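One structure is given here, and the rest of the page talks about it.
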2 protein chains.
Amino acid sequence: MATRGRPRTFDPDTALRQALDLFWERGYEGTSLNDLAQATGIASASIYTCFGSKENLFRKVMALYGTTSGEPPRRALREQPTARAAIHAMLRATADEITRPDAPHYCMLILAAPTGAVENHAIREFLAGLRHDQLTTIKDRLARGVTDGDLTAPPAGLDALARYYTTVVQGLSVQARDGATRAELEEVITCAMAAWDTLAPAPSHIGG
Amino acid sequence: MATRGRPRTFDPDTALRQALDLFWERGYEGTSLNDLAQATGIASASIYTCFGSKENLFRKVMALYGTTSGEPPRRALREQPTARAAIHAMLRATADEITRPDAPHYCMLILAAPTGAVENHAIREFLAGLRHDQLTTIKDRLARGVTDGDLTAPPAGLDALARYYTTVVQGLSVQARDGATRAELEEVITCAMAAWDTLAPAPSHIGG
DNA sequence: CGGTTTATTTGTCGTTCGATAAACAAAGGA
DNA sequence: TCCTTTGTTTATCGAACGACAAATAAACCG
């Protein structure tokens, strides 16, 4: 039961990356199938045969985006030993990603389709769902800090703290989009982390 | 030299507000002239006679937006007695504006056209320029705090502090867009203000 | 009143949009 | 080899896009 029928003349993964580049630069509605056909060198009919529809292609592109550009911040959250270090490293990894010279200076998840035509409501909610996952991931990391003993549950609440740093992440993309440099983002991150010790003092090591 | 020619059958200011509502909800590219004609009850040809083009109409809409929804945060910056109170009140006024029940839950300046088709580059830069004005306004208010003596120039730099709070403002819009409540935004603001005393300690009153 | 000016109505321009239908081509299976 | 399966090519679909031309209508001026 090997491959049946005529084989593909292009690599879908390569096409997906090329589509990613376009959607990243121009957003969902700003990218046309004509643009995609030209950038990939594939006729639009073949794009439909392979990916189904523009919306479906975009969803697959976002999956690829999540496993590539989304990975460094997620890894920072995962691998840093304390909640504080994890948040700090995540912010810095985000700043790194959104100031790369070879890519648009913002997070695609945030700016590819925040508003748009009524007919594309489903796509916007799809992205909103992924953004909500960001918040959840950050919240989970803070909870792990409490479990690990490197963070005392702050009076403001873990949820508030998680939402605060999510807000900073999202604001950073607008800043980078508007031309802020990596150094300027670093300053913003420094300010954002200054809130930490007030909000979430390190646990006293009594008994530990 | 009174009115010459056939008088208008509609009020341009009313039409501008109706156009504002649409652009606010759907963004620049997501709003079509057909949508605008239907919402205003004006034929598209009359829209062109009165406003010139879609781009020109949008620029006038943004001017209206700035003097209406943009005013409360700006007033907060202007009228609060100290830099700290000004920033705090501005953040709260922003949260109020982006959670009004009768309007979209985000700042139009930030989300109406962050990305899009190549042909609309000028509109995006127009909005980016207005966002830069936000940053400048905040920076100026901090500088006034130094002049007024309620703020010592922070080691992080006034620019860094201004950019930090601009980042928070912009992040709040993404949060509200994604369904965050007014109360949740208030928690974020509390966290954001927690950084203040670490970053910008109040001046000692020696000699004052 | 006619003449000028400006706005509205009506219809449509050429382009682009996302999406397919139909015909053809290249592979494996029997 | 012929059939089935799948992908590609080519052409195009109907709708929507921003924008405008021409004809008509309503005001002021003289």
Side-chain angles (χ1 to χ4, degrees), chain A residues 1-16 18-19 22-23 25-61 112-113 115-124 126, chain B residues 1-16 18-19 22-23 25-61 112-113 115-124 126:
Chain A
M1 175 161 170
T3 66
R4 289 283 300 244
R6 178 173 176 172
R8 281 220 175 74
T9 61
F10 64 92
D11 175 18
D13 287 340
T14 302
L16 218 49
Q18 293 166 328
L22 265 190
F23 277 126
E25 178 196 343
R26 306 178 186 182
Y28 179 71
E29 293 185 356
T31 305
S32 74
L33 275 156
N34 218 345
D35 296 337
L36 292 164
Q38 191 163 348
T40 58
I42 309 167
S44 72
S46 287
I47 296 180
Y48 276 88
T49 304
C50 185
F51 299 107
S53 67
K54 183 187 178 184
E55 174 170 340
N56 209 274
L57 170 59
F58 183 76
R59 289 174 188 264
K60 284 172 180 156
V61 159
T115 63
V118 177
E119 65 211 70
N120 295 317
H121 174 77
I123 282 289
R124 287 191 293 280
F126 166 66
Chain B
M1 177 169 165
T3 66
R4 289 284 301 246
R6 178 174 177 172
R8 282 222 175 73
T9 60
F10 63 92
D11 176 18
D13 287 341
T14 302
L16 218 48
Q18 293 167 327
L22 265 188
F23 277 127
E25 178 195 344
R26 306 178 186 181
Y28 179 71
E29 293 184 356
T31 306
S32 74
L33 274 157
N34 217 347
D35 296 335
L36 292 164
Q38 192 163 347
T40 58
I42 309 169
S44 72
S46 287
I47 296 180
Y48 275 88
T49 304
C50 185
F51 299 107
S53 68
K54 183 187 178 183
E55 174 170 340
N56 209 274
L57 169 60
F58 182 76
R59 289 174 187 264
K60 284 171 181 157
V61 158
T115 63
V118 177
E119 65 212 73
N120 296 317
H121 174 78
I123 282 288
R124 288 191 293 280
F126 166 67

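Note that this is a predicted model, so its numbers are computed, not measured. FYI, side chains are in, hydrogens and waters are out, and symmetry mates aren't considered; it's all heavy atoms of this structure. Every chain is numbered from 1 and lettered A, B, ... according to where its sequence line falls, protein lines coming before strand lines.
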Indicate the atoms forming the closest heavy-atom contact of B:Pro12 with B:Phe51, along with that distance. O-CZ, 3.8 Å
Taking only residues two or more places apart in sequence or in another chain, which ones pass salt bridge (Lys or Arg N to Asp or Glu O under 4.0 Å) with A:Arg59? A:Glu55
Separation of A:Ile47 atom CD1 from D:dT9 atom P, in whole Å? 11 Å
What is the distance from CZ of B:Phe51 to P of C:dA7, rounded to the nearest Å? 12 Å
Looking at residues at least two apart in the chain, or sitting in another chain, which of them share a side-chain contact (heavy atoms from CB on, under 4.5 Å) with B:Ala113? B:Tyr28, B:Ile123, B:Arg124, B:Leu127
All N/O donor-acceptor pairs, side-chain side in residues 31-39 of chain A, below 3.5 Å, sequence neighbours left out:
| from | atom 1 | to | atom 2 | distance (Å) |
| --- | --- | --- | --- | --- |
| A:Thr31 | OG1 | A:Leu22 | O | 3.4 |
| A:Thr31 | OG1 | A:Gly27 | O | 2.7 |
| A:Ser32 | OG | A:Asn34 | N | 3.4 |
| A:Ser32 | OG | A:Asp35 | N | 3.0 |
| A:Ser32 | OG | A:Asp35 | OD1 | 3.4 |
| A:Ser32 | OG | A:Asp35 | OD2 | 3.2 |
| A:Asp35 | OD2 | A:Arg26 | NH1 | 3.2 |
| A:Asp35 | OD2 | A:Ser32 | N | 3.1 |

Strictly under 4.0 angstrom, non-hydrogen atoms only: write out the protein contact profile of nucleotides 11-22 of chain D, one letter per nucleotide from the 5' end, B, S or -. ------SSBBB-
Are side-chain heavy atoms of [X] and [Y] found at a separation under 4.5 Å?
X: A:Phe23; Y: A:Gln18; answer: no
X: B:Phe10; Y: B:Cys50; answer: yes
X: B:Leu57; Y: B:Tyr48; answer: no

Could you list all N or O pairs between the protein and nucleotides 1-7 of chain D that sit under 3.5 Å apart?
| from | atom 1 | to | atom 2 | distance (Å) |
| --- | --- | --- | --- | --- |
| D:dT6 | O2 | A:Arg6 | N | 3.1 |
| D:dG7 | OP1 | A:Arg8 | NH2 | 3.1 |
| D:dG7 | O4' | A:Arg6 | O | 3.2 |
| D:dG7 | N2 | A:Arg6 | NH1 | 3.0 |

Applying side-chain hydrogen bond (donor to acceptor under 3.5 Å, both in side chains), can you list everything that pairs with A:Thr14, at least two apart in sequence or on another chain? A:Asp11
